Amino acid sequence: TTANAIKSDSTGEKAYNITQGSLSVTAGKTYTLSVHFKKQNLDFARIYFSDGASKTADFNLSTGAVGATSNTLRTQVDAMDDGWYRCSMTFVATSTVSSGQARFYAQSASGDNTPNVAVSGIVLIYVWGFQLEENIEASPYIVTTTSARTATETLNDLSSIWDFDS
């Protein structure tokens, strides 16, 4: 599968993002929005979700640190191979909507949604594998192409309690 590149299409200060709309959430339920990011010419990325109220989390793609957050219960960063990070934010839906929006921003610093880019046509960051789920944390990535899918529960080998290896 190929990642999406967020590219500069002009110079100067501008919001560079990818948007996914028509997302359904139910007021009062807990959701986790996760995505894979890889830095290219900018070092930061933002996850944004709106159901009428904004929820945001910023991530440093050089260090894996979480930056500014707003209206989130928790955030998580998992380092992957080849400079990729799986970043997630967990939030409680404010409204019941079928028109929710997820956006993934390229940033020059935490909190900067309009970076000043001097060169047009360059890749700022890569984005791949976004997933919105009703859950307190991100589950393993589920390949989804045309319709919603859910994960089945998996068992983990907690060696101090169970021994699945013998």
Side-chain angles (χ1 to χ4, degrees), residues 1-25 31-72 74-91 93 97-135 137-151:
T1 304
T2 304
N4 291 307
I6 296 180
K7 292 183 177 182
S8 63
D9 58 3
S10 62
T11 59
E13 289 188 24
K14 182 178 174 184
Y16 296 98
N17 67 75
I18 292 175
T19 301
Q20 174 65 53
S22 301
L23 300 171
S24 297
V25 293
Y31 294 87
T32 297
L33 178 58
S34 63
V35 67
H36 296 78
F37 288 125
K38 183 177 182 178
K39 77 177 236 103
Q40 195 62 25
N41 286 293
L42 292 182
D43 292 332
F44 291 82
R46 168 173 281 186
I47 297 176
Y48 165 96
F49 186 83
S50 178
D51 60 358
S54 298
K55 298 98 168 97
T56 63
D58 296 347
F59 301 91
N60 183 322
L61 303 181
S62 292
T63 66
V66 176
T69 64
S70 175
N71 298 319
T72 61
R74 72 188 293 266
T75 55
Q76 185 169 334
V77 179
D78 295 309
M80 312 299 277
D81 291 336
D82 198 28
W84 284 90
Y85 289 98
R86 185 175 190 205
C87 302
S88 65
M89 71 173 188
T90 301
F91 60 91
V97 298
S98 59
S99 58
Q101 283 196 346
R103 291 187 194 139
F104 309 103
Y105 288 89
Q107 299 178 300
S108 57
S110 181
D112 180 11
N113 280 345
T114 56
N116 191 350
V117 177
V119 179
S120 181
I122 61 170
V123 175
L124 304 174
I125 64 171
Y126 289 104
V127 179
W128 178 81
F130 117 83
Q131 186 166 292
L132 175 66
E133 56 194 311
E134 184 184 332
N135 202 352
E137 63 185 2
S139 66
Y141 177 70
I142 303 167
V143 176
T144 305
T145 55
T146 57
S147 61
R149 295 185 52 198
T150 57

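Since this is a predicted model, take the numbers as computed values, not measurements.
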Subject >> Student check: side-chain heavy atoms of Thr56 and Asn71 closer than 4.5 Å >> reply: no
**OP:** Would you give the length of the straight line joining atom CG of Leu132 to atom OG of Ser88, rounded to the nearest 0.5 angstrom?
**Re:** 11.5 Å
Subject >> Evaluation steps, side chain to side chain donor-acceptor pair (under 3.5 Å), between Ser120 and Ser10 >> reply: CA-CA 5 Å; Ser120 181; Ser10 62; 6.0 Å; no
**OP:** Can you see which heavy atom on Lys39 is nearest to which on Ser62, and at what distance?
**Re:** CD-OG, 3.5 Å
Subject >> Distance, nearest 0.5 Å, that separates CD1 of Ile18 from CZ of Arg103 >> reply: 12.5 Å
Subject >> Considering all heavy atoms, the nearest Phe49-Leu23 contact >> reply: CE1-CD1, 3.9 Å
Original post:
Roughly how far, to the nearest 0.5 Å, is the OH atom of Tyr105 from the CG atom of Leu124?
Top reply: 14.0 Å
**OP:** Look up atom OG1 in Thr114 and atom NZ in Lys14, then write down how far apart they are to the nearest 0.5 Å.
**Re:** 12.0 Å
**OP:** Could you tell me whether the side chain of Tyr16 reaches within less than 4.5 Å of the side chain of Asp9, counting heavy atoms only?
**Re:** yes
Original post:
Would you find a donor on one side and an acceptor on the other, under 3.5 Å apart, between the side chain of Asp51 and the backbone of Gly100?
Top reply: no
**OP:** Could you grab the distance from atom OG of Ser34 to atom CD1 of Ile47, nearest 0.5 Å is fine?
**Re:** 7.0 Å
Original post:
Ring centroid separation for Tyr85 and Phe59, is it under 6.0 angstrom?
Top reply: no
Original post:
Are the side chain of Ser110 and the backbone N or O of Ala68 linked by a donor-acceptor pair below 3.5 Å?
Top reply: yes
Subject >> Nearest atoms (heavy-atom pairs only) where Glu133 meets Ser139 >> reply: OE1-OG, 2.6 Å
Original post:
What heavy-atom pair brings Ala57 and Met89 nearest, and what distance separates the two atoms?
Top reply: N-SD, 3.8 Å
Original post:
OH of Tyr126 to NZ of Lys7: how many Å apart, nearest 0.5 Å?
Top reply: 7.5 Å
**OP:** Measure across Ala3 and Trp84 and return the closest heavy-atom pair with its distance rounded to 0.1 Å.
**Re:** CB-CH2, 3.6 Å
Original post:
Which word best sums up how the rings of Tyr141 and His36 line up, parallel for under 30°, tilted for 30 to 60°, or perpendicular for over 60°?
Top reply: perpendicular
Original post:
side chain to side chain contact (heavy atoms under 4.5 Å, CB included) with Thr75: which of Thr69, Thr90, Thr32, Asp58?
Top reply: Thr69
Original post:
Closest heavy-atom contact between Ala93 and Tyr31?
Top reply: CB-CE1, 3.8 Å
Original post:
Parallel, tilted or perpendicular: which describes the rings of Phe104 and Phe37, with under 30° parallel and over 60° perpendicular?
Top reply: perpendicular
Original post:
Between Ser50 (side chain) and Gln101 (backbone), is there a donor-acceptor pair under 3.5 Å?
Top reply: no
Original post:
Is it true that a side-chain atom of Lys38 and a backbone atom of Asp82 form a donor plus acceptor pair closer than 3.5 Å?
Top reply: yes
Subject >> Single hit among Val127, Leu42, Val123 for side chain to side chain contact (heavy atoms under 4.5 Å, CB included) with Ile6 >> reply: Val127
